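Read through the structure below, which is laid out as structure tokens, and then see the notes.
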Amino acid sequence: MTSYDEDWTDGQRAVYDECHQAGTEWAGDPATPSEDVQHVINLAEADDDTFGDAETDFPPLVDAVTQATGVNVTSVPASHHDPGFRGFVDGVRDATADEVFGL
């Protein structure tokens, strides 16, 4: 499900879409450890106030943003206002059955 900020540019929406797809594929991969999926779901559920100005270097997320933007990044802002972060965590949540993690 698409979840854009109203003021995002077309480029930011494209990053969201690509990261969402990457998150969906990553979460749906049988080789992905369930603990890692749960970690991302916890990030998705956290309030931005919890993060402060934190960044995350979680490899699947960093890889998704690098691929979506074409820029080699080493970390991603842990913020639901960031299209890469939100796209990836939304994709993971969308790919994960509610009953699996009690969402």
Side-chain angles (χ1 to χ4, degrees):
M1 176 161 89
T2 304
S3 177
Y4 303 135
D5 274 358
E6 290 181 18
D7 61 345
W8 279 357
T9 65
D10 288 341
Q12 289 171 309
R13 290 172 187 227
V15 168
Y16 174 93
D17 290 343
E18 287 189 43
C19 289
H20 186 279
Q21 181 64 35
T24 301
E25 291 172 1
W26 175 80
D29 183 347
T32 300
S34 60
E35 300 83 25
D36 288 353
V37 173
Q38 183 62 57
H39 172 70
V40 174
I41 290 171
N42 291 343
L43 289 175
E45 294 297 312
D47 189 296
D48 278 346
D49 292 337
T50 303
F51 296 131
D53 292 331
E55 298 219 351
T56 181
D57 61 356
F58 188 66
L61 172 57
V62 169
D63 291 347
V65 172
T66 295
Q67 186 170 359
T69 63
V71 176
N72 189 22
V73 298
T74 58
S75 64
V76 176
S79 169
H80 292 91
H81 298 289
D82 180 82
F85 177 85
R86 184 156 79 197
F88 190 82
V89 300
D90 284 356
V92 170
R93 287 189 65 198
D94 290 349
T96 306
D98 289 349
E99 63 273 4
V100 172
F101 294 103
L103 297 175

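Keep in mind that what you see is a predicted model, and the values were worked out from it rather than measured.
By the neighbour-count criterion of 12 heavy atoms within 6.0 Å, atom CG of Asp7 is densely surrounded, having more than that number from other residues, nucleotides or ligands. More than 12 heavy atoms of other residues, nucleotides or ligands shown are found within 6.0 angstrom of CD on Gln12. Within 6.0 Å of the CG atom in Asp53, the count of heavy atoms belonging to other residues, nucleotides or ligands does not exceed 12.
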Self-check item: Pair Gln67-Asp63, side-chain hydrogen bond (donor to acceptor under 3.5 Å, both in side chains): steps then yes or no
Solution: CA-CA 6 Å; Gln67 186 170 359; Asp63 291 347; over 6 Å; no

Quiz prompt | side-chain contact (heavy atoms from CB on, under 4.5 Å) between Phe85 and Leu43, intermediate numbers included | solution = CA-CA 9 Å; Phe85 177 85; Leu43 289 175; 4.0 Å; yes

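Donor-acceptor pairing under 3.5 Å is recorded for the side chains of Tyr16 and Asp90.
Closest non-hydrogen pair, Gly23 versus Val92, comes out as O-CG2, 3.5 Å. Taking both residues in full, the closest heavy atoms of Phe51 and Ala46 are given as CZ-CB, 3.5 Å, listed atom of the first, atom of the second, then distance. Scanning all heavy atoms of the two residues, the minimum distance from Ala27 to Ala95 falls at CB-CB, 3.9 Å.
The backbone N or O of Tyr4 lies less than 3.5 Å from no partner atom in the side chain of Arg13, so there is not a single donor-acceptor pair. A distance-only check finds no donor-acceptor pair linking the side chain of Gln21 to the backbone of Glu18 [under 3.5 Å]. Side-chain N or O atoms of Ser75 include none that pairs as donor or acceptor with a backbone N or O of Asp57 at under 3.5 Å. A side-chain donor-acceptor contact under 3.5 Å links His80 to the backbone of Ala44. Looking at Thr56, its side chain never comes within 3.5 Å of a backbone N or O of Val76 through a donor-acceptor pair.
Ring-plane geometry between Phe88 and Trp26 is classed as tilted, the angle between the planes lying from 30 to 60 degrees on a 0 to 90 degree scale. Ring orientation note: the planes of His39 and Phe58 are tilted relative to one another, at an angle of 30° to 60°.
Under the 4.5 Å side-chain contact rule for hydrophobic residues, Leu61 and Val15 do not share a cluster.
Side chains of Thr24 and His20 form a contact here, defined as non-hydrogen atoms less than 4.5 Å apart.
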